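Data first, discussion second: the structure below is written as structure tokens.
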Amino acid sequence: MAQLTRVSGSVGLITLQSPPVNALSAAVRQGIVDTVQRALSDPEVKSVVVCGQNGIFCGGADIKEFGTNMSGPPLVPLIHAIEVAHKPVVAAIEGIALGGGLELALGCHYRIAHSKAKLGLPEVTLGLLPAAGGSQRLPRLIGVPAALDLITTGRHITAAEALKLGVVDQVTAHSTVDVAVKFALSVAGKPLDGRRISSLPCPRPPNMDALFEGVMKKVRQSARGAIAPIACVQAIRAAATLPYDQGMERELELMASLFTSDQARALQYIFFAQRAVARWSMPSGARWDTSKPRPVHKAAVIGLGTMGRGIAVALAQTGLSVVAVETQEKQLMAAKQEMSGMLERGAKRRGVAPAFDKIRYSPDIKAVADVDLVIEAVFEDMALKEKVFQQLSALCKPGTLLCTNTSGLDVDHLASQTRSPELVVGMHFFAPAHVMKLLEVVYGSKSSPQALATAMQLGKKMGKVSVAVGNCRGFVGNRMLKPYSEQAFFLLEEGATPELVDGALEDFGFPMGLFRMSDLSGLDVGWRVRKVDGLGKSSGASGQQARIRQGRRYSPLGDVLCEQGRFGQKTGRGWYQYDKPGGRVGRPDPWLHSFLEEYRAQHGLVARRIDHQEVLERCLYTLINEGFRILEDGIAAGPEEIDIIYVFGYGWPRHRGGPMFYASMVGLEKVLARLEFYQEAHPDVPYLQPCNLLKRLVASGSPPVHKWREVVKKLHSQL
Ligand SMILES: CCCCCCCC/C=C\C=C\CC(=O)SCCNC(=O)CCNC(=O)[C@H](O)C(C)(C)COP(=O)(O)OP(=O)(O)OC[C@H]1O[C@@H](n2cnc3c(N)ncnc32)[C@H](O)[C@@H]1OP(=O)(O)O
């Protein structure tokens, strides 16, 4: 689908037509081939402009076609045909030119972009590289260092940056197509030498080998096992060292190794999952497209600890008026100072004025009287939160949405403290709240669809990836974390060290292993929760009995460390040792190793050799098992919700697609078999008991992950 019209007498205007983003589907590619051929053979046409309908140039290859039997004309010869054309071809870039879309534009002889357009080669984020000549043309056009940056990060750039780098020739704030047509008229009949990028030499940077070595090292470190960024560097190296034709062969060879890889499948799954979770539904049948959000102009945040500060700043940066309430004067002053710095830094990064005037600070909770929405972010203590919700219910105007930033307490119970439980939802932000992308939006049993719609819309406005989930202890993310961390503790008891467990998890792709993360966030955080749950005391007893609590295996290891004041980085000692309290670089701690040996001896435990495979299977498969329980319980509507929460909030490596997708890649039969194996060895660990949904899926032939949502829906409709 591409249309050719003649404008201004002699300009052939080719318009790509494939909503919503004019992706290069087989039909669009065929349309381009046909219209280019017609335009070039029409003697009345002296020059050509390529644009996209509805103010969008092109979103790149049609990702939905990947993994299918791709038919239709391939992109490489199509773009080549444009480049070798004897008539000037001008790309009129409005909206976006991404991936194959930008590669198409790079095949044109001139590029004119609208000032609001965004350009980029984001293939790496989908596990690919720009294989329609992008990896070979871009370095020729803008040089190797800039091409390395754009292609290995996949970042989108503004038209202004594109102009500065030389990706485009001109930027306009007017109608791009009109400007491009005028320009096309002006270059008709002029020679095109020097305008065909593939024929340009690639500028060789000084110290090229050292440059590539340095970049490769950096990319390997940040890729955490992802293969596409490395292939991108290799392709650009080919551009810098080989003639164009040979570079294109290398590009294809590298693309072939990525195209059908598990990582590409995982990353493309995450792309669509991120969009799927925006189409939320509730067990009542209420849905995203039938529930109207309430307008929110003014919001309040109650409690200005770390979370409250981040939330208030994020709201203000979204343009909302914010009342920031902190009843402790000293804390209020400290918050004000820190938040001003956060606003200033954020504004500098985004090139806008700091939103200082958007926040009004108050020591008095009565300041919430006229707001549309409140986010409570006080200390994680139910009694305190109950009191705050009672006060809010009495003070706020009717219709105000009351949200809690609890990371796992009962939203229904908090709702029961108010006069309008239908207006209560959870908005679980992740620290630091003004930076982290994830927002778990938790609906209680009485939350109205409108309340959920409002919180989801606000999350979107704040630039968050918002996921709607049901109410249960820990919601989705923290609930799944429990079996994962429990297994890590048990592994220490059985012979592992924190370094071994963290090493396995970091090799898998987590930015930080569980123990390193625990040191960072503070061991006392979990300790406090365990104490509320009636656990959390080391008891001083020895033997197996000391490790059975509430009828199941329990490891008091973390409690013992806390009792000794080892809270992690903040105290300079935790699972690792640090140079000083507040130190950031953890080193293995001989004291901890001796402590573990003594602990095992005291409890009659015999250390054995544990390998990375066992760490991964026990930590990850129990986490996945809990994910299946969450689906079974109807807390998440599908595997996509769980996977997006883990990728955006818990550091799960994106190129592994989230825990549920990973399970589907490992094979459900294998996950089930290994859980059964470990359960037999550890019958006192309920989390190792395979969940019914997992068994059911295996019994029904392990359907692919995109079918699980339907299976779960059917399961619930039968109940
Ligand atoms: C042997 C092996 C040889 C293999 C040879 C193969 C040769 C291949 C040659 C070239 C390959 C080129 C690779 C590419 O071009 S990969 C694609 C690169 N493009 C992208 O990554 C862009 C992805 N899209 C986005 O970033 C955004 O969607 C954006 C375009 C910025 C729009 O954002 P927004 O306005 O927020 O809207 P949504 O994200 O919600 O999107 C709206 C709907 O459009 C769908 N969409 C978007 N882009 C694509 C696409 N490229 N293909 C298909 N569909 C796309 C998106 O899914 C939304 O629909 P829905 O809500 O139904 O999911």
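Predicted, not measured: the structure shown is a model, and the values here were computed from it. Counting begins at 1 with the first residue of the sequence. Computed from heavy atoms alone, side chains included, the values below leave out hydrogens, waters and symmetry copies. Whatever order the structure lists them in is the order used to number ligands and atoms, beginning at 1.
- Using cut-offs of 30° and 60° on the angle between ring planes, the pair Phe628 and Trp708 is tilted.
- Arg294 is linked by a salt bridge (charged side-chain N to carboxylate O under 4.0 Å, His left out) to nothing, counting only residues two or more places apart in sequence or in another chain.
- The salt bridge (charged side-chain N to carboxylate O under 4.0 Å, His left out) test applied to Arg137 returns Glu83, not counting sequence neighbours.
- Taking the centre and axis of the six-membered ring of Phe508, the NZ or CZ atom of Arg656 falls inside the cone set by 45° and 6.0 Å.
- The aromatic rings of Tyr646 and Tyr650 sit parallel, their planes meeting at an angle under 30°, below the 60° perpendicular limit.
- For residues 153-164, the set of pairs meeting the side chain to side chain donor-acceptor pair (under 3.5 Å) definition, not counting sequence neighbours, comprises Asp149-Arg155, Arg155-Glu161.
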Below 3.5 Å only, please: the N or O atoms of ligand 1 paired with protein N or O atoms, distance on each line.
residue, atom, partner, partner atom, Å
ligand 1, 15 (O), Ala61, N, 2.8
ligand 1, 15 (O), Gly100, N, 2.8
ligand 1, 19 (N), Gly59, O, 2.9
ligand 1, 39 (O), Arg275, NE, 2.7
ligand 1, 39 (O), Arg275, NH2, 3.1
ligand 1, 51 (N), Gly59, O, 3.2
ligand 1, 51 (N), Ala61, O, 2.8
ligand 1, 52 (N), Ala61, O, 3.4
ligand 1, 52 (N), Ile63, N, 2.9
ligand 1, 61 (O), Arg279, NH1, 2.9

